[in-house]
Every structure is written in structure tokens, then in C-alpha cells.
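Heads up: the structure comes next, in C-alpha cells.
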Amino acid sequence: MPKTANKLIFREADVRTKTLEAFDKAAMPVIETIGPIGKNVLYPDEYGNMIITNDGVTILKSISFKDPLENAVVEILKEGARKTNQEAGDATSTTTLYAHTIVHKGYELKKKGHSQRAIRDMFQSVQDKLLVRLEKQKKDVKNKQTELEIATISANNDGELAKSVAEAMDTAGIDGMVFIEMNNGENTILDKQSGFRVREGMTYQNLYNDPARPVATYKSPKVLIFDKQLFYAEECEHIVRVAQDLGYKELVIVAKNFVGDAPNTFIANHVQNIVKLVLVKCESEVQMEDLAIYLGGKVVSEAAGRTVDSLGMSDFMTAESVYADPIKALIKSVKDNKLTKQRVAVIKEELEKTPEDKNLKDRLASLTNGIVTVRVGGRTMSEARERIFRFEDAINALRAAKLNGFLIGGGLAMFNAYDPKDYKSKEERDIAYLLSRASVERIAENSMLDLDETKLTSDIGLNAMTGKYENLYKAGVVEPYKAVEMALKNAV
């Protein structure tokens, strides 16, 4: 029989103090980062590189203890933060703050004789009632200025970084992909790639039409898609002849591969200006189908009994433009169509079941607005890494706000979500009171400011950046509704 490590067994009453101390040790470095003047955390990663960040989930990932009980406590905190990061992309520090508040209050209620089941039901009831009040405060993102403000808050008030985020999101849209990489230099560069992306690109040097670099670009080319390898010279000649007879001068051919006589045959026709060609390899049949739907046509499919000899006008699709280099090909559609929208809806449903599936995200991006790669620079590697964390937070926050709306921020929305009349018992009122004030009190404490609750209204709050009580909506202090919702739910 396999050997199993010995387990340590504790009674809850014997380790209550140790459990609470472990929560404090793990949570406080994260909680103290909350707000525009919150602290940063310095820690070594697994390779010994020093990381500086105020990103909650990143900090929690780096925390572990030798004591197995303390480590178990950290894992509970990590799970809540990971879930919020997955669903909202931000507010992991707020999740930790609420979880810390809930654990301490839960132990207090247990000490007074309440059962664990009753305590759980109390927290669930409070959560639901606070969310109803938060939902009523939600506003829609209607202009570019609000988008910039949301990005700025999530980027820790870095205005230049926020502008880059807003620009990237403007190109990618809600469903588009934004990839974040490290740049070797100090500058941050946005690489905007609009259109359906085929990952394999084009490697045939003789087909590039840009004299300065290995790139092929055309406006309004025709597109053919085959779910097979093209091999024989005869079938390649037939494809070119059909295109020429139909009056097409520029043609993009997408196929599983170009082998045998195919590359040289196509190149010869291209060089002789019979038909200008772009050859794009695509090994994924699903991606081929996506591309055909995106362009409003169909794949010439061997599985459906189609051959090169049966080609006709209806097999040629029209693209607005094509861009191909050795790494990728971008094919842009002339206009949206109903089938593309249906395909997008199906992929979104699949993503809800498997939100971390990168292939689904990539397909969604290709079928919608496009792809933006942000290459983040810095004077040092540590600075670049820290900026990458803020880019990720800001992009996720802005996307969440555009999808689900936003709240007047700085914890003010949660403060205003508390109404004592919502709760039948003193215990629930106390829980709601603590949670509703947790954010505003922590932001004030981290900013070394005194909080005067009598000055708080539906839109007047403490602006930690200025130290003044002012209209937070007009000051641009706003936060995504989804981030607050997920922070509360995952903490509970």
C-alpha cells in the first residue's frame, strides 16, 4: 500500500487564537496596499528576483508558512482572492479585507454561542441585502472620460499608463484580447492588430510585398479556405486559373499546409503577376470554420465531398484587408454578420464554463474587435514587472466596468449600501455595519487620514489623493461594480 504522510489533527477550540493570528499575518500585507496611498510589498519570486507590487493576489501567492495550520489558513484566503481575480480581474485586496473582517466577526459570534450554520446563514443574508443596495447604485459607462477614470484608479493613479490602457481597450473592445509582455526598453509600446488572427502566419519570402520588411498587405483581397494540405501542381494551377477567370487579382489561400509542388507553383504565379497570393497555414479546423463564418462564407471541405475541381464564385470570400508576417496573419472582415454573432455567443457560453481556456479567449478575440499587445517598459526589470501588474489590473477593471457598470468608488458605495432597516437581528446589523465601513475606514487609515462619517453622502466621499471630502463621481473616483460584487461574494 502507498505510504501516506502523517496528518496533524487539531480541535478548533485549541487553535482559535493561532488561526486568527495566521489570518492577520497573511492578510495585513495585502490590506495595507488598499487605496491610492497604500503600501507596496517587496518579495522574492521563485527565481530570487525581487518583485515590488500592490496587487493583492500576487502578494498572496508569495505568502506561505512552515506551520501546516497557518499554511491552510493562507490557502483559504488565496482561494477567495484567486476567484475574484478570475471573475473580475481586480479587487483581490478588497476580497482579503472583507474576508479578514468576516473571520474575526465569525469567531466573535461563535464565542457567543451561535452555531457555525447560523453564522454562515447570517453572512449569506447580509451579503444578499448589501448586493441589492449596491445594484441600485450601479451606473453605466457612457463616455471615454469615465473609462479613463476607471483605468486611472486601477492603475494606482498613473495617468499615462491609464491612457495606454484606454487606448488598448478601445482597439480590442470588450471581447478582444490584450496581451501584456515585457519590453526590453524603457518605453511602453502598443501593437494594435485588428482582424481575425491566424497564428501560423506566412513564411514564404517571395510572397512579401513590403520591400523594407517581411510583410504582405493587401486591400479587399479574395479569400479561399481549404481544410486539407495543398500538394499537387495541377490543383494549385486550377485554383489560380479559376481566380483569374473570375477577375480576381489578389488572393489569400488558407490551408492546413502547403507541401510538395504547391509552394513553388503558387510562387511562380505570384512572381509572374498572374494572381498576387498570400499563403496562410492553419492547422486548426475549428479556427478555419471560425474564419469562414467571420468572412461570411464556407470552408472548401474534403469531408463534405468538395474538391479543388468544384471551385466556384461562391467559394471566394471578400476581406477588407489582409496582413501577414512570419508570426501571424490578420484577415479583416468587410462587415459583421449574423452567424458571427451566433458563434461569439456560443464561445462566450463555453468560456463561462472554462474561463481560463486560452484557445476560447483567442477565438473570441479573433471573431470580435481584434488583438492588442502591450509591451511594457521600465528603467529596471523590477519597475517593468510592477507596471505589468498595474496594466493587468487596469485592463481587467475597465473591461468589467464596460460589461457590468460601475459604482462611485473609494468604498463609498459599500458605505451607502448599509441600511439598518434591512436587518431583523442585531447580529446581522452588526455584520453589515462592519462590512459596509471596512473599505472607507481602511483607505483612510492607509492614507493616514481621519474619517468623518458625517460628511459622507451618496456621492460625497473622502478623496484619499487630495485629503478632501468632495464629489467622488466628478473627481473620477469610481470602481467596477463586478469587482465590488465579487470581492463581497468570494469573501463570504
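Just so you know, these numbers use all the heavy atoms, side chains as well, and skip hydrogens, waters and symmetry mates. Owing to the predicted nature of the structure, the values given are computational and were not obtained by experimental measurement.
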**Prompt:** How many angstroms lie between atom OH of Tyr481 and atom CD of Glu135, to the nearest 0.5 angstrom?
**Reply:** 4.0 Å

**Asked** If we ignore angles and hydrogens, is there a donor and acceptor under 3.5 Å between the side chains of Arg375 and Thr188?
**Response** no

**Request:** Please step through salt bridge (charged side-chain N to carboxylate O under 4.0 Å, His left out) for the pair Lys276 and Glu250, ending with a clear verdict.
**Result:** CA-CA 5 Å; Lys276 288 294 184 184; Glu250 295 158 354; over 6 Å; no

**Item:** Side-chain heavy atoms of Asn446 within contact of Ile37, under 4.5 Å
**Value:** no

**Evaluation steps, side-chain hydrogen bond (donor to acceptor under 3.5 Å, both in side chains), between Thr95 and Asn490** = CA-CA 7 Å; Thr95 305; Asn490 292 324; 5.5 Å; no

**Pairwise distance OG1(Thr96) to CG(Leu60) - rounded to 0.5 angstrom** = 4.5 Å

**Prompt:** Rounded to the nearest 0.5 Å, what separation is found between the CZ atom of Phe231 and the OG1 atom of Thr265?
**Reply:** 10.5 Å

**Message:** Using 0.5 Å steps for rounding, measure from the CG atom of Leu339 to the CG atom of Leu367.
**Reply:** 11.5 Å

**Message:** On the six-membered ring of Tyr98, is Lys489 placed so that its NZ or CZ lies under 6.0 angstrom from the centre and within 45° of the ring axis?
**Reply:** no

**Asked** With a 4.5 Å limit on heavy-atom distance, are the side chains of Asp55 and Asp393 in contact?
**Response** yes

**Message:** Before you tell me yes or no, could you show the steps for Glu320 and Lys219 under salt bridge (charged side-chain N to carboxylate O under 4.0 Å, His left out), namely the whole-Å CA-CA distance, both residues' side-chain angles and the distance that decides it to 0.1 Å?
**Reply:** CA-CA 6 Å; Glu320 181 182 310; Lys219 296 290 185 184; 5.7 Å; no

**Request:** Take Arg363 and Asn359, measure what side-chain hydrogen bond (donor to acceptor under 3.5 Å, both in side chains) needs, and give me the verdict at the end.
**Result:** CA-CA 6 Å; Arg363 288 176 62 198; Asn359 286 330; over 6 Å; no

**Request:** For Met486 and Thr84, work out which heavy atoms get closest and say how close.
**Result:** O-OG1, 3.4 Å

**Request:** Identify whether NZ of Lys or CZ of Arg in Lys256 sits under 6.0 Å from the centre of the six-membered ring of Phe226 and within 45° of that ring's axis.
**Result:** no

**Prompt:** When you look at CE of Met381, are more than 12 heavy atoms from neighbouring residues, nucleotides or ligands closer to it than 6.0 Å?
**Reply:** no

**Within 6.0 angstrom of Lys83 NZ, more than 12 heavy atoms from elsewhere** = no

**Prompt:** Heavy-atom distance under 4.5 Å between the side chains of Ile253 and Leu230, does that happen here?
**Reply:** yes

**Request:** State the CD1-CG distance between Ile225 and Leu295, to the nearest 0.5 angstrom.
**Result:** 6.0 Å

**Request:** Side-chain contact test, heavy atoms from C-beta onward, threshold under 4.5 Å: evaluate it for Lys328 versus Leu330 and give yes or no.
**Result:** yes

**Item:** Residues Glu237 and Tyr232: side-chain donor-acceptor under 3.5 angstrom
**Value:** no

**Request:** Can you measure from CD1 (Ile63) to NZ (Lys78) and round to the nearest 0.5 angstrom?
**Result:** 7.5 Å

**Request:** Could you check if a side-chain atom of Asn463 sits within less than 4.5 angstrom of a side-chain atom of Leu472, using non-hydrogen atoms only?
**Result:** yes

**Message:** Does any part of the side chain of Asp325, heavy atoms only, come nearer than 4.5 Å to the side chain of Pro214, both counted from C-beta?
**Reply:** no

**Item:** Smallest separation among heavy atoms of Thr94 and Ser439, with atom names
**Value:** CG2-OG, 4.0 Å

